[in-house]
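The structure appears right after this line, and notes come after that.
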There are 2 protein chains.
Amino acid sequence: MTGLRKSYGCPVEFSLDLLGGKWKMVILARLKQNLMRYGELRRAIPDLSDKVLTERLGGLREVGLVESLADADGVTRYQLTARGESLRSVLQALYDWGEAEAATLKVSIRPPAPTSD
Amino acid sequence: MTGLRKSYGCPVEFSLDLLGGKWKMVILARLKQNLMRYGELRRAIPDLSDKVLTERLGGLREVGLVESLADADGVTRYQLTARGESLRSVLQALYDWGEAEAATLKVSIRPPAPTSD
DNA sequence: GGCGTCACGCACCGATTGGTGCGTTGGTGG
DNA sequence: CCACCAACGCACCAATCGGTGCGTGACGCC
């Protein structure tokens, strides 16, 4: 597994080494709802570029949190693995806290408008 | 509140805008156990530099997650605010996941040896 | 056949993050 | 008076991250 150190000062430090960065947990949170196509992820997270989405998905596959399924119609879909599913409590906790905190700070949470496909 | 956008695509994105970066959540996880002095934090997280610890504590104070208490003996102690306490579930979830995942991947979690003060 | 889409890769770049080294002020102890 | 500690700030730098722009091959559609 590339990039992992052999030793960490605490489990949170270790978690963040695997999950850190601007977009990984956002991607995982999307996939927590249901499996998604690449293009759906792209549209769901408009501020995230093509290049970084590909890279982050690759990294998440590499550590076994996400898997890709090539369908018959040639479209790739991504979903959480069992291991990735074990992150549900982390992702839900971040979601819940963010929601409450946004209400407190009057920050707007506005998913991008869905588009037909 | 510096740096916050007015709108986010989802609550997880918002959470990470406040909590992102290499050390904030590690610091918060330490303070979740109990209030700590600056020097104790420094020693508990040896890879974290003076400069960055000061900066991150400042930022966490600024968003109201941490407060500092100046004691009679002139030593400053840091602790989570009530708002910071609301992060317990996030921090505990990251801790638990990291612990389980480290066991799976045979990664060592080794807190720095405690020193007498 | 040409065009558009999909899902990538590559080169390059800007911004940010984190670290080092040094300095500061105030306090304490020898 | 000096040394050390605590808790910062500042300048500078290296590394990393994320984005842009462009290219690619495969595929589908007109």
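Throughout, protein chains are lettered first and strands after them, A, B, ... in sequence-line order, and every chain is numbered starting at 1.
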Can you list every ring-ring contact (aromatic ring centres under 6.0 Å, His included) pair that touches residues 61-108 of chain B, not counting sequence neighbours? none
Nearest-Å distance, CZ (B/Arg77) to P (D/dC8)? 14 Å
In the 5'-to-3' direction, what one-character label does each nucleotide of nucleotides 19-30 of chain C receive under the scheme B = base within less than 4.0 Å of a protein heavy atom, S = sugar-phosphate only, - = no such atom? BB----------
Using whole Å, what does the distance between atom P of nucleotide C/dA7 and atom OH of A/Tyr38 come to? 7 Å
Whole-Å distance between D/dA6 P and B/Arg37 CZ? 7 Å
Expressed in angstrom and rounded to an integer, what is the separation of B/Arg42 atom CZ from D/dA6 atom P? 10 Å
Please list all pairs passing the ring-ring contact (aromatic ring centres under 6.0 Å, His included) test where one or both residues lie in residues 13-49 of chain A, with sequence neighbours left out. A/Tyr8-A/Phe14
Find the distance B/Ile45:CD1 to C/dG18:C1' and express it as a whole number of Å. 14 Å
Full working for side chain to side chain contact (heavy atoms under 4.5 Å, CB included) between B/Leu65 and B/Leu19: CA-CA 10 Å; B/Leu65 298 174; B/Leu19 304 171; 3.9 Å; yes
Remaining members of the apolar cluster that contains B/Leu35, side-chain heavy atoms under 4.5 Å: B/Leu69
To the nearest Å, give me how far apart CG (A/Leu57) and C1' (D/dG18) are. 15 Å
Who pairs with B/Lys32 by side chain to side chain donor-acceptor pair (under 3.5 Å), at least two apart in sequence or on another chain? B/Gln92
Starting from P on D/dC8, measure out to CG on B/Leu60 and report it in whole angstrom. 13 Å
Which one, C/dC8, D/dC8, D/dC17, comes nearest to the side chain of A/Arg56? D/dC17
Report the residues that fulfil side chain to side chain donor-acceptor pair (under 3.5 Å) with B/Arg42, sequence neighbours left out, ordered by chain and then residue number. B/Asp50
Need one value for A/Gly21: base, sugar-phosphate or nothing, where a base atom within 4.0 Å counts as base even if backbone is also close, heavy atoms only. sugar-phosphate
Could you check how far CD of B/Glu40 sits from P of D/dC5, rounded to whole Å? 16 Å
